[in-house]
Amino acid sequence: MDFRRVIVIDLAGLGIGEASDANRFNSVGADMLGHIARFAGPNFVLPALSRLGLGNIRSNDPVVGLPPAEDPIGYYGKIRLKSQNNATLSGLREMFDYQTDIRTTSVIDSIVGLLGVNSILITNYLSYLSNQNVAQVIPVNSDESGFNELHQQVIAPNNGLLYFRLLDLQQKALEADGKGCIDVLNVVDQHLSRLMRESYSTDLLMITSTFANDPTVDVVPTREYLPLIAYMPAKPEGKSLGIRRTLADIGATTAQIFGVEPSDESVGRSFLDELS
């Protein structure tokens with residue numbers, strides 16, 4: 001596929017079950033999605049995320065209300081945080097950072113200026129994102145304002161990276177508000193349905209999370225596998241992406257799409273060929 005834009009939606013706070021090294025981070029038994037789904041019971045339904053393959057990620061251990069889709073329209077898998085610094089911003093740095101011969105930089109900045117490519121970041125104030133030298137940062141203080149801005153950017157014929165980091169899910173999880181988490185995911189699901197209609201055929205939509213926070217566990221953040229979904233409007237079909245070893249695979253995929261070649265492997269392994 002000849003992608004011209006990558007749209008990354010960061011459902012910050014959403015985890016899908018304890019990671020393989022959960023015991024090192026007091027997170028054995030953590031399962032953010034599974035626990036809030038059981039709290040909601042049979043009323044837990046996320047139509048768009050289900051069609052995209054969220055339930056298929058947990059086909060061996062189905063989440064209440066999210067059975068595997070027979071014909072998912074997205075590529076799906078789970079991804080883990082490689083960094084041993086299990087902080088809420090570690091995953092964001094890992095996703096986009098890499099080392100050049102001169103300094104540590106990011107895919108966010110590196111793609112800007114390549115044949116009209118730009119990077120647009122929709123987020124609240126985070127020093128890591130604000131310190132990107134050439135990216136355009138659009139500050140928002142709520143998911144509502146963030147999604148409004150996201151829709152405007154998606155329908156505009158821009159090339160490059162469009163990143164949106166949710167605020168409300170992580171906040172509700174921090175408050176141990178299971179119902180609040182469910183309400184947030186319902187709103188997200190509705191916006192995803194709209195985004196899939198708005199996207200161009202040359203877009204690649206990636207849905208993930210940069211950290212997990214199970215509201216039933218007294219640890220912040222929890223060490224869990226994180227969801228990974230890739231949707232192509234021009235090719236709405238599904239296939240497993242398996243288990244990815246680092247969030248940097250998302251940055252590597254973005255870098256390959258725009259022709260950036262990092263000098264080492266710290267940016268991860270691209271899964272672009274698996275989408276072809």
Side-chain angles (χ1 to χ4, degrees), residues 8-41 44 46 49 54-55 57-58 60-66 76-97 123-129 142-143 146 163-188 207-229 242-251 268:
V8 178
I9 299 179
D10 181 359
L11 306 179
L14 181 63
I16 55 173
E18 65 176 58
S20 56
D21 58 353
N23 61 310
R24 299 183 57 196
F25 299 91
N26 300 315
S27 298
V28 173
D31 183 3
M32 193 279 192
L33 182 61
H35 286 155
I36 65 171
R38 283 196 287 273
F39 174 82
F44 187 66
L46 300 173
L49 282 165
L54 180 61
I57 302 175
R58 290 269 298 259
N60 293 330
D61 181 23
V63 175
V64 174
L66 290 174
Y76 55 88
K78 55 185 179 181
I79 197 165
R80 56 166 291 180
L81 179 67
K82 183 179 181 181
S83 172
Q84 296 304 298
N85 180 13
N86 196 48
T88 56
L89 287 182
S90 298
L92 179 57
R93 295 188 184 96
E94 180 174 303
M95 183 187 292
F96 292 118
D97 273 17
T123 179
N124 64 330
Y125 178 80
L126 292 174
S127 59
Y128 173 75
L129 295 177
S142 70
D143 284 358
Y163 169 85
F164 172 43
R165 181 183 178 92
L166 269 74
L167 305 173
D168 294 350
L169 186 61
Q170 54 184 303
Q171 184 59 41
K172 295 300 181 183
L174 195 62
E175 296 168 356
D177 183 356
K179 183 181 183 302
C181 290
I182 294 163
D183 291 341
V184 171
L185 287 176
N186 283 329
V187 171
V188 169
I207 303 165
T208 190
S209 171
T210 47
F211 73 90
N213 187 7
D214 185 340
T216 71
V217 178
D218 193 23
V219 174
V220 179
T222 43
R223 190 76 166 191
E224 300 183 45
Y225 284 109
L226 306 166
L228 174 61
I229 292 173
I243 301 175
R244 316 300 302 190
R245 296 182 178 181
T246 169
L247 279 163
D249 287 3
I250 293 173

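Worth knowing before you read on, the calculation uses all heavy atoms, side chains too, and leaves out hydrogens, waters and symmetry mates. None of the values given here were measured: they were computed from a predicted structure.
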Between atom [atom1] of [X] and atom [atom2] of [Y], what is the distance when rounded to the nearest 0.5 Å?
X: N213; Y: M32; atom1: CG; atom2: CE; answer: 7.0 Å
X: L92; Y: S209; atom1: CG; atom2: OG; answer: 11.0 Å
X: D183; Y: L185; atom1: CG; atom2: CG; answer: 9.0 Å
X: L54; Y: L228; atom1: CG; atom2: CG; answer: 11.0 Å
X: L226; Y: F211; atom1: CG; atom2: CZ; answer: 9.5 Å
X: D249; Y: E94; atom1: CG; atom2: CD; answer: 9.0 Å

Considering only heavy atoms from C-beta outward, does the side chain of V188 approach that of I9 to under 4.5 Å?
-> no
Are any non-hydrogen side-chain atoms of D177 and P215 less than 4.5 angstrom apart?
->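 No, too far: nothing below the 4.5 Å cut-off.
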Taking side chain to side chain contact (heavy atoms under 4.5 Å, CB included) as the test, write out the residues that go with [X], two or more places apart.
X: S90; result: L81, S83, N85, A87
X: S27; result: A22, F25, A30, V219, T222, R223
X: K78; result: I16, I57, Y225, I243
X: R24; result: D21, Q84

Among pairs that include at least one residue of residues 212-221, which meet salt bridge (charged side-chain N to carboxylate O under 4.0 Å, His left out), considering only residues two or more places apart or in two chains?
-> none
Return the set of residues passing ring-ring contact (aromatic ring centres under 6.0 Å, His included) with F164 (not counting sequence neighbours), or none when no residue passes.
->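 Here the qualifying residues are F147.
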Of I207, L11, T208, which is the lone residue that meets side chain to side chain contact (heavy atoms under 4.5 Å, CB included) with I229?
-> I207
Between A40 and I182, the two heavy atoms sitting closest are CB-CD1, 3.2 Å
Grab the two heavy atoms, one from G15 and one from A212, that are nearest each other, plus how far apart they are.
->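 Closest approach of G15 to A212: CA-CB, 3.5 Å.
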Taking E224 for the side chain and G17 for the main chain, is one N or O donor matched with an acceptor at less than 3.5 Å?
->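 Yes, because the side chain of E224 sits within donor-acceptor range (under 3.5 Å) of the backbone of G17.
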With D61, which residues qualify under salt bridge (Lys or Arg N to Asp or Glu O under 4.0 Å), at least two apart?
->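 Applying salt bridge (Lys or Arg N to Asp or Glu O under 4.0 Å) to D61 gives R58.
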Could you pull out every donor-acceptor pair under 3.5 Å between side chains of residues 165-174 and any protein atom, sequence neighbours left out?
from, atom 1, to, atom 2, distance (Å)
R165, NH1, D10, OD2, 3.0
R165, NH1, T210, OG1, 3.0
Q170, NE2, L166, O, 2.7
Q171, NE2, E175, OE2, 2.9

